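Step one of this worksheet: look at the structure below.
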Amino acid sequence: MRVVTKEVTVQSRKRREVINVTSHVEEFVRESGIKNGMVLVFLPHATSALFANEDEPRVRRDYENLFERLVPADGNYFHNEIDNNADAHLLTTIFKQFYVLPIVNGELIRGTWQEVFLAEFDGPRNRRMVLVAIGE
Ligand code: ZN
C-alpha cells in the first residue's frame, strides 16, 4: 500500500462562495500513480467546508440561498462579540470538512452531477486543501 499527499491553495473571492475543486482532485489522483484505493480531501479550517453536487449557475444560487436560510449572515450570534464570523463557523459545522472518493483503475469515481466543491463561508482568503491518496 502507498500513501501520497499534496497540499494545494484555493483562493476565494467573496465572503460566501462555492468553488469547484474537482480538477485539483482529479489532477492529484493522476499524479499520485495510485490505481486502486481512495482519496481524502481535507480542509484544515474552521470556516469552510466540502460537498459534492451539481455545478450549474442556478443551483449555485440555490446553494447560496440555502446557506442564508440555514444560518443568516446578519443573525445575532455570541461569537460575533470577538470575531464577527459566527455564521461561518456554524455553517461549517453543518457541512463536512473532509470528503473521501474511490479511485478505481486510476480514475476518480464520482457521479455525472457530482462535482467536488469547496464552500467558503468567511472569504475572501486563501484556503489550504490537503489531498491524501491511499492505495496501490
Ligand atoms: Zn471566529
Side-chain angles (χ1 to χ4, degrees):
M1 189 190 78
R2 291 174 53 231
V3 178
V4 182
T5 63
K6 181 183 182 181
E7 183 172 314
V8 299
T9 301
V10 178
Q11 188 181 1
S12 63
R13 293 184 162 74
K14 298 197 298 191
R15 182 149 196 280
R16 288 182 179 177
E17 183 180 8
V18 290
I19 301 167
N20 189 329
V21 294
T22 310
S23 62
H24 288 294
V25 183
E26 289 187 327
E27 183 183 312
F28 169 65
V29 167
R30 278 193 301 274
E31 289 171 3
S32 75
I34 302 278
K35 296 298 179 206
N36 291 288
M38 63 186 81
V39 59
L40 166 73
V41 187
F42 175 71
L43 298 178
H45 298 290
T47 54
S48 61
L50 293 161
F51 68 93
N53 214 299
E54 185 175 6
D55 191 356
E56 187 275 322
R58 286 161 293 254
V59 81
R60 278 171 164 267
R61 291 172 63 189
D62 290 330
Y63 298 144
E64 290 174 13
N65 289 340
L66 172 68
F67 301 153
E68 183 60 22
R69 279 203 304 279
L70 288 171
V71 185
D74 65 353
N76 191 15
Y77 306 109
F78 294 112
H79 181 69
N80 283 353
E81 291 169 16
I82 58 166
D83 207 9
N84 209 35
N85 65 353
D87 64 308
H89 289 287
L90 294 176
L91 277 169
T92 300
T93 64
I94 295 171
F95 294 89
K96 291 183 176 69
Q97 290 173 287
F98 65 90
Y99 227 85
V100 179
L101 299 110
I103 303 168
V104 177
N105 296 326
E107 297 286 328
L108 185 71
I109 301 299
R110 59 186 179 87
T112 305
W113 311 116
Q114 205 171 30
E115 304 284 326
V116 182
F117 285 103
L118 186 159
E120 173 63 78
F121 298 130
D122 193 25
R125 62 170 75 194
N126 288 332
R127 294 298 190 178
R128 293 165 58 205
M129 186 170 76
V130 179
L131 302 159
V132 183
I134 303 166
E136 50 197 17

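Only a predicted model underlies this, so the values are computations on that prediction, with no experimental measurement involved. No hydrogens, no waters, no symmetry mates; every other heavy atom, side chains included, goes into these values.
No chain of hydrophobic side-chain contacts below 4.5 Å, direct or via other Ile, Leu, Val, Met, Phe, Trp or Tyr residues, connects M38 to L108. V3 and F28 sit in two unconnected hydrophobic clusters of ILVMFWY residues. Membership requires side-chain heavy atoms under 4.5 Å apart, directly or through other members. Put simply, V130 and V41 are part of two different groups of oily side chains (I, L, V, M, F, W, Y) that touch within less than 4.5 Å, one to the next. Cluster membership for L90 and F121, using ILVMFWY side-chain heavy atoms within less than 4.5 angstrom, is shared. If you chain together hydrophobic residues whose side chains sit under 4.5 Å apart, F42 and L101 never meet in one group.
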V132/V4 under side chain to side chain contact (heavy atoms under 4.5 Å, CB included): CA gap, chis, key distance, verdict = CA-CA 6 Å; V132 183; V4 182; over 6 Å; no
Starting from the C-alpha separation in whole Å, work towards a yes-or-no answer on side chain to side chain contact (heavy atoms under 4.5 Å, CB included) for L66 and R69.
-> CA-CA 5 Å; L66 172 68; R69 279 203 304 279; 4.3 Å; yes
Given the rule in the side chain to side chain contact (heavy atoms under 4.5 Å, CB included) test, do R125 and H45 qualify, once you have shown the distances and angles that lead to the verdict?
-> CA-CA 11 Å; R125 62 170 75 194; H45 298 290; 5.6 Å; no
Go through the steps to decide whether L131 and L40 satisfy the test side chain to side chain contact (heavy atoms under 4.5 Å, CB included), and finish with yes or no.
-> CA-CA 6 Å; L131 302 159; L40 166 73; over 6 Å; no
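Remark: of the listed residues L91, D87, D62, L91 is the sole one forming a side-chain contact (heavy atoms from CB on, under 4.5 Å) with F67.
Atom CD of E107 is surrounded by 12 or fewer heavy atoms from other residues, nucleotides or ligands within 6.0 Å. Residue-environment remark: CG (N76) stays at or below the threshold of 12 foreign heavy atoms within 6.0 Å.
In this structure, the side chain of N53 does not engage the main chain of Q114 through any donor-acceptor pair within 3.5 Å. A donor-acceptor pair under 3.5 Å links the side-chain atoms of R2 to the main chain of S32, judged by distance alone. Judged by distance alone, the side chain of T22 and the main-chain N or O of V116 form a donor-acceptor pair under 3.5 Å.
You'll find the side chain of E115 stays beyond 4.5 Å of the side chain of V18, heavy atoms only. Looking at D122 and R15, their side chains come closer than 4.5 Å, going by heavy atoms from C-beta outward. Side-chain contact check for E26 versus R110: some heavy-atom pair is nearer than 4.5 Å. Within the 4.5 Å cutoff, the side chain of H89 has heavy atoms near those of the D83 side chain. Side-chain contact check for I103 versus K35: every heavy-atom pair is 4.5 Å or farther apart.
When all heavy atoms are compared, the tightest approach of M1 to E136 is N-OE1, 4.2 Å. In this structure, N80 and N85 approach most closely via the heavy-atom pair OD1-N, 3.2 Å. Across all their heavy atoms, S48 and L43 have their closest contact at OG-CD1, 3.5 Å. Q11 and I19 make their closest contact through O-CD1, 3.8 Å (heavy atoms, listed as atom of the first residue, atom of the second, distance). Closest approach of R16 and V71 over heavy atoms only: NH2-O, 2.7 Å. Nearest heavy atoms, P72 versus Y77: O-OH, 2.6 Å.
Salt bridge annotation for E120-R13: absent, with no cationic side-chain nitrogen under 4.0 angstrom from a carboxylate oxygen.
At a cut-off of 3.5 Å, with distance as the only test, a side-chain donor of T47 or R127 sits close to an acceptor on the other residue.
In this structure, I134 CD1 and N36 CG are separated by 14.0 Å, a value rounded to the nearest 0.5 Å. Considering CG of L50 and CZ of F98, their distance stands at 9.5 Å, rounded to 0.5 Å. With values rounded to the nearest 0.5 angstrom, M129 atom CE is found 8.5 Å from K6 atom NZ.
Relative ring orientation between F51 and Y63 is described as perpendicular, the plane-to-plane angle rising above 60° on a 0-90° scale split at 30° and 60°.
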